[in-house]
Amino acid sequence: MSEKLSFVSPTANSPWGTYLSQVDRVVPYLGPLARWVETLKRPKRALIVDVPIEMDDGRIAHYEGYRVQHNMSRGPGKGGVRFHPDVTLEEVMALSAWMTIKTAAVNLPYGGAKGGIRVDPKKLSQNELEKITRRYTSEIGIIIGPHTDIPAPDVNTNGQIMAWMMDTYSMNTGGTATGVVTGKPLHLGGSLGRVKATGRGVFVTGREAARRLGMDLRGARIAVQGFGNVGSVAAELFAEAGAKIVAVQDHTGTIVNSNGLDLATLIPIANKDGVIAFKGGDVVPNDAFWDTACDILIPAALEGQITAERAQKTTAKLVLEGANGPTVPTADDILAERGVLVVPDVICNAGGVTVSYFEWVQDFSSFFWDEDEINVRLDRIMMNALNQIWDTADKHKITLRTATYAVACERILMARQERGLYP
Ligand code: GLU
């Protein structure tokens with residue numbers, strides 16, 4: 001009955017196409033709520049903005065920015081802002097939709113949103129980065145706010161960028177609205193534990209999945225793709241638990257060491273010059289990453305990385321999706337057939353938005369918790385969500401991904417139904 005969206009042309013493996021097929025798979029488990037499912041297949045609101053800035057050399061440059069509010073049935077929009085040269089409206093739509101599923105899966109009182117600018121921030125000076133951030137924030141200022149839509153860091157954005165966003169929004173509205181973004185620096189209403197929260201969540205869900213598989217983390221071999229805030233923190237926590245990080249890939253290349261990479265030396269080098277600058281491993285071609293013998297694979301970079309071919313050859317028994325949308329639907333089926341357990345993005349990497357929620361709550365109450373309290377609460381929320389999802393998967397004999405969608409979509413569509421259509 002509904003018309004197809006005219007402004008995207010998803011393919012089977014594109015981010016929005018991947019998301020649509022994930023939603024289609026959950027429909028049989030929604031019962032009468034399936035009547036509302038079309039609401040998940042279109043964003044509530046999508047804003048495209050022009051972001052003009054004066055560059056250091058005097059030229060005027062224009063960039064394309066987006067903020068998509070996919071769903072707000074359960075609360076304000078929530079989700080990060082990504083600066084990347086390949087960002088598109090379609091990608092941001094999918095990322096916003098995954099936020100809707102994610103916040104519902106861990107039962108946070110939020111909907112889903114996401115933003116981005118199509119830019120390579122590595123090519124900008126600090127001054128240009130500040131200008132692009134502030135102009136973008138001003139442009140999307142008409143739809144964000146502490147009670148409407150709360151941005152946060154994502155790929156290539158960080159606490160400094162959140163501070164500029166908070167300041168710009170506050171200057172435009174005349175107060176100091178710390179609750180308008182999360183992932184802020186500590187002295188500006190940021191929360192302890194936020195920087196490491198996504199990686200910690202990957203570890204917490206991964207440790208539980210390994211336990212259920214009967215896999216000992218001591219000596220387990222782990223391959224990590226993406227060595228930013230998510231991949232490097234997860235790697236550190238797994239290494240502390242006795243695992244060996246045998247392969248790491250980032251935008252500079254791939255390094256392997258079957259005896260385990262020394263993370264204490266690798267992480268500072270990787271943060272500065274990329275993993276390729278590290279001398280304690282062998283540099284191999286990027287494709288060889290997927291052939292590395294490992295027990296756990298952690299995709300923590302961008303979407304669409306685990307293709308059918310890579311799913312076929314991985315030796316991993318457990319995939320922990322630190323990234324959003326790293327596995328295409330055909331690869332998901334192959335992994336399931338091969339008996340590889342996938343902890344899906346929408347639960348595995350939900351630690352970041354969970355501590356964002358803590359930050360937002362602390363900002364509103366102007367009362368700040370210590371790090372232990374944050375980590376204990378994070379563990380509890382992640383474990384409760386994971387256990388419920390696992391029970392659902394066992395009950396219906398479905399993958400953890402479809403089970404997560406079943407739990408989340410029921411919450412979203414129930415809220416949708418109870419609110420009713422207006423007018
Ligand atoms: N960008 C992160 C994500 O993809 C965090 C979003 C947030 O904290 O709002 O989940």
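As the structure lists them, so they are numbered: ligands from 1, and atoms in each ligand from 1.
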Could you walk me through whether Ile101 and Tyr19 pass side-chain contact (heavy atoms from CB on, under 4.5 Å), step by step? CA-CA 10 Å; Ile101 305 294; Tyr19 166 72; 4.2 Å; yes
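- By the 4.0 Å heavy-atom criterion, Pro151 is excluded from the residues contacting ligand 1.
- Taking all heavy atoms of Arg82, Met162, Lys78 into account, the minimum distance to atom 9 (O) of ligand 1 is reached by Lys78.
- In summary, Arg377 and Asp372 do not engage in a salt bridge, as defined by a charged side-chain N under 4.0 Å from a carboxylate O.
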Could you walk me through whether Phe227 and Asn271 satisfy the side-chain contact (heavy atoms from CB on, under 4.5 Å) test, starting with their C-alpha distance in whole Å, then the side-chain angles of each, then the deciding distance to 0.1 Å, before giving a yes or no? CA-CA 8 Å; Phe227 212 53; Asn271 285 343; 5.9 Å; no
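- Ring orientation note: the planes of Trp360 and Phe364 are nearly perpendicular, at an angle over 60° on the 30°/60° scale.
- Residue Lys102 has at least one heavy-atom neighbour below 4.0 Å for each of these atoms of ligand 1: 3 (C), 4 (O), 10 (O).
- Around atom 1 (N) of ligand 1, the closest heavy atom drawn from Asp154, Val353, Val230 belongs to Asp154.
- In this structure, atom 7 (C) of ligand 1 lies nearest to the protein heavy atom Ala152 CB, 3.3 Å.
- No part of Thr198 comes within 4.0 Å of ligand 1, judged by heavy-atom distances.
- Considering only heavy atoms from C-beta on, Val155 stays 4.5 Å or farther from Val87 through its side chain.
- Residue Met99 approaches ligand 1 through these ligand atoms, each under 4.0 Å from one of its heavy atoms: 3 (C), 4 (O), 6 (C), 10 (O).
- Between Lys123 and Glu128, no side-chain nitrogen of the basic residue sits less than 4.0 Å from a carboxylate oxygen of the acidic one, so the salt-bridge criterion is not met.
- Closest to atom 5 (C) of ligand 1 among all protein heavy atoms lies Arg194 NH2, 3.6 Å.
- Below 4.0 Å from some heavy atom of Gly79 lie the following atoms of ligand 1, by number and element: 9 (O).
- Partner His396 forms a ring pair (Phe, Tyr, Trp, His ring centres under 6.0 Å) with one of Trp390, Tyr29, Tyr405 and no other, that one being Tyr29.
- Between Asn349 and ligand 1, no N or O atom pair is found at a separation short of 3.5 Å.
- Looking from atom 8 (O) of ligand 1 to the surrounding protein, the closest heavy atom is Ser356 OG, 2.6 Å.
- Contacts with ligand 1 closer than 4.0 Å are made by side-chain heavy atoms of Lys114 only, the backbone lying farther away.
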Could you walk me through whether Arg82 and Glu303 satisfy the salt bridge (charged side-chain N to carboxylate O under 4.0 Å, His left out) test, starting with their C-alpha distance in whole Å, then the side-chain angles of each, then the deciding distance to 0.1 Å, before giving a yes or no? CA-CA 13 Å; Arg82 171 174 298 201; Glu303 306 88 54; 2.6 Å; yes
